> 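Starting off with a structure, shown below.
Bear in mind that the values here come from a model prediction, so they are computed numbers and not experimental data.
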Amino acid sequence: MCGLSGVLAITLLKDKLCNFIFLRSLKTRIFLILLIVGLIPCISMRYAILQNYEQRAVSVRTSDITTQLRILANHLITYHYLQDTSSEVINAELDQLSNLYDGRVMVINNDLRIVKDTYGISENKTIISAEVVRCIKGESTNQYDKDNGYIEMTIPIMETVILGDNPDTAERKEVVRGVMLVSASTDTIMVTMDILSRKALIVEVIVIVAILIVSILAAKVLIRPFEKITEALNRAQEGYTNDPISVTDCLETEHIGDAFNRVLGRMKLLDDSRQEFVSNVSHELKTPITSMKVLADSLISQKDVPIEVYQEFMTDIAQEIEREDKIITDLLALVKMDRTAADLNISQVDINLLVELIMRRLRPIAQKRDVELVYESLRPVTASVDEVKMTLIISNLVENAVKYNKEHGWVKVTLDADQRFFIVEVADSGLGIPAECIDHIYERFYRVDKSRSREIGGTGLGLAITRSAIVMHRGSIRVKSEEGEGTTFTVRIPLTYIAV
């Protein structure tokens, strides 16, 4: 039993999921929207037509009966029917009216006594009705009872009385002498409404079928451009084509295609960059290993090698190991920075003091290369930054300016700020950067002068790491350089870090 219950539960769950997925389909939604939009006016129009006909038919029937009753009321006064009901003319008119509208007519006097009933069952009886009492006071009423299928009306029987002896100057007054209570059947109206309803239903079914067909066709036509773009995306995903996607059937699919083409281009660029990066990493890591292997093979192949040669070769091997270690360290720093772009340890940092400490630490390296370090602070600066990464940014720029400088050169660091940013400018009197190389200096393992970079121990990753740290702070870096005349790097960092 438990197993059967589990199977039933899984089956029901699958049905619900299928229904949910079905409703998530854009084609289904378009079909349902078009169907509903078509059905609501159709049903509403049918209901409105029938209601309007019913109201109009009842209104016309009521007006006709009222006109005939007023004429008949005058005859009742003329023939003194309230006092003597033997008039064959009036009785004939009452019977004719009753038969015409398949109803009942009762003539009631001021004493609320029924003097005539076309059904012949209530004569000489007293009727107590709010409608009759109001009618005796001169107020006509009519009521449509849809459930029982009749119209009930009360018409006062009025007599004009002349007050005074002289007919020309006497005052005339309308006096209510009695009431006519009429119940008229609405069966003919109901029959006509049934006929109209059946015909309207037939028309409605035809319209619904037409709307259904149009909705299905419209949904297919409207969804076709999206199916085309899905097919194109699948072909691109499976590698059958590298051509840009172009589905211009509608503006939306054209925008989707353009967006995908931009993403595809970005992915190709990233793939090319990744392949180039892997190639560069392989080359940079293989070069020191090859050098160490050559040195080691040279020592192994020689016998009775002097201790001085061993020391020289081992020194070279140690330098290659140190170079390999620098490359791996920089690679790890760069990868870590890419993976933890949101993990900044933001705090309020005195940028003036930070730059002074960095200059003090790098001054021995500059003195060793006979490069003068100059620091100029235009104003006190305090900013919300990651102190470790900010140290890395400034250190890399200043250290590069020292390493790639001329003999007896100089490096000048300037700190300034405005209302939103603080600016660190690192200028040097070094070798400069050729114009064709400026756009590539932030690429990983890119070197302007490869031989000089390896000579001074550069890995080609310093500026890539620096730029990544600046971008993490929502900052920017610009470079201005002329070959042989020096280089100036300008870094702008927001004073207040805003996480995105």
Side-chain angles (χ1 to χ4, degrees), residues 284 319 322-327 329-331 333-334 337 349 351-378 381 385 387-416 422-435 437-438 440-470 475 477-493:
E284 293 295 332
Q319 290 176 350
E322 182 179 358
R323 180 181 166 199
E324 189 95 3
D325 180 66
K326 286 183 179 179
I327 293 173
T329 301
D330 284 350
L331 279 172
L334 193 58
M337 197 169 295
V349 177
I351 305 299
N352 302 78
L353 180 60
L354 180 64
V355 176
E356 288 178 3
L357 292 175
I358 294 171
M359 299 290 283
R360 191 181 307 162
R361 179 171 60 82
L362 295 178
R363 190 159 275 113
I365 299 176
Q367 291 174 351
K368 184 178 179 180
R369 295 179 175 272
D370 194 18
V371 174
E372 180 185 6
L373 284 184
V374 179
Y375 170 50
E376 181 181 5
S377 175
L378 301 181
V381 178
V385 296
E387 185 173 358
V388 174
K389 290 183 174 58
M390 190 54 57
T391 301
L392 181 66
I393 293 170
I394 300 173
S395 297
N396 279 349
L397 292 177
V398 176
E399 192 170 354
N400 280 352
V402 172
K403 288 180 179 179
Y404 297 96
N405 215 315
K406 298 178 181 178
E407 189 176 356
H408 311 302
W410 52 266
V411 174
K412 182 179 181 181
V413 180
T414 306
L415 177 63
D416 197 1
F422 71 88
I423 300 97
V424 178
E425 184 179 276
V426 180
D428 64 59
S429 60
L431 304 175
I433 303 172
C437 298
I438 287 181
H440 303 282
I441 59 175
Y442 302 112
E443 297 176 4
R444 298 166 183 182
F445 294 112
Y446 184 82
R447 296 184 179 91
V448 176
D449 187 344
K450 295 184 179 181
S451 60
R452 181 175 173 85
S453 295
R454 285 176 179 154
E455 180 183 344
I456 63 178
T459 62
L461 294 172
L463 285 178
I465 295 172
T466 300
R467 185 176 181 275
S468 295
I470 292 171
I477 181 171
R478 291 184 300 151
V479 60
K480 182 179 179 181
S481 181
E482 292 187 18
E483 193 171 4
E485 295 186 9
T487 303
T488 300
F489 283 93
T490 304
V491 177
R492 291 169 60 87
I493 304 291

> Take Leu357 and Thr391, measure what side-chain contact (heavy atoms from CB on, under 4.5 Å) needs, and give me the verdict at the end.
CA-CA 9 Å; Leu357 292 175; Thr391 301; over 6 Å; no
> Do the non-hydrogen side-chain atoms of Val413 and Ile358 ever get within less than 4.5 Å of each other?
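No, every pair of side-chain atoms sits at 4.5 Å or beyond.
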> Between Ile351 and Ile493, is a side-chain contact (heavy atoms from CB on, under 4.5 Å) present by the stated rule, with each step listed?
CA-CA 11 Å; Ile351 305 299; Ile493 304 291; over 6 Å; no
> When the side chains of residues 422-430 are checked against the rest of the protein, which donor-acceptor pairs come out under 3.5 Å, sequence neighbours left out?
residue, atom, partner, partner atom, Å
Asp428, OD1, Gly430, N, 2.8
Asp428, OD1, Thr487, N, 3.2
Ser429, OG, Asn405, OD1, 3.0
Ser429, OG, Trp410, N, 2.9
Ser429, OG, Trp410, O, 3.4

> Run Val402 and Glu399 through side-chain contact (heavy atoms from CB on, under 4.5 Å) and show every step you take.
CA-CA 5 Å; Val402 172; Glu399 192 170 354; 5.7 Å; no
> Checking Thr488 now: which residues fulfil side-chain hydrogen bond (donor to acceptor under 3.5 Å, both in side chains) with it, not counting sequence neighbours?
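By the side-chain hydrogen bond (donor to acceptor under 3.5 Å, both in side chains) rule, Thr488 matches no residue at all.
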> Indicate yes or no: at least one non-hydrogen side-chain atom of Thr466 is less than 4.5 angstrom from one of Asn400.
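With C-beta onward as the side chain, the pair stays apart.
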> Could you report the tightest heavy-atom contact between Val411 and Val371, atom names first, then the distance?
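Looks like CG2-CG1, 3.8 Å.
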> Please report the interatomic distance CZ(Phe489) to CD1(Ile441), rounded to the nearest 0.5 Å.
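One finds 4.0 Å between CZ of Phe489 and CD1 of Ile441.
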> Does Thr490 have any side-chain hydrogen bond (donor to acceptor under 3.5 Å, both in side chains) partners at least two apart in sequence or in another chain, and if so, which?
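side-chain hydrogen bond (donor to acceptor under 3.5 Å, both in side chains) list for Thr490, sorted by chain: empty.
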> Not counting sequence neighbours, which residues clear salt bridge (charged side-chain N to carboxylate O under 4.0 Å, His left out) with Glu376? List them please.
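Applying salt bridge (charged side-chain N to carboxylate O under 4.0 Å, His left out) to Glu376 gives Lys412.
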> Show every side-chain hydrogen bond (donor to acceptor under 3.5 Å, both in side chains) that has at least one partner inside residues 357-366, sequence neighbours left out.
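Sorted pair list: Arg361-Ser395.
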> So do Met390 and Ile393 actually touch side chain to side chain, heavy atoms under 4.5 Å?
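Yes, close enough: below the 4.5 Å cut-off.
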> Which one of Ile365, Val355, Leu362 satisfies the side-chain contact (heavy atoms from CB on, under 4.5 Å) criterion with Val398?
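Between Val398 and the candidates, side-chain contact (heavy atoms from CB on, under 4.5 Å) is satisfied uniquely by Leu362.
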> For Lys406 and Gly486, indicate whether the former's side chain and the latter's backbone hold a donor-acceptor pair under 3.5 Å.
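Judged by distance alone, no pair lies under 3.5 Å.
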> Any non-hydrogen side-chain atom of Leu463 less than 4.5 Å from a side-chain atom of Asn396?
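Not touching, per the 4.5 Å side-chain cut-off.
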> Could you list the residues that satisfy side-chain contact (heavy atoms from CB on, under 4.5 Å) with Glu483, not counting sequence neighbours?
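Counting only residues at least two positions away or on another chain, Glu483 forms a side-chain contact (heavy atoms from CB on, under 4.5 Å) with Pro434.
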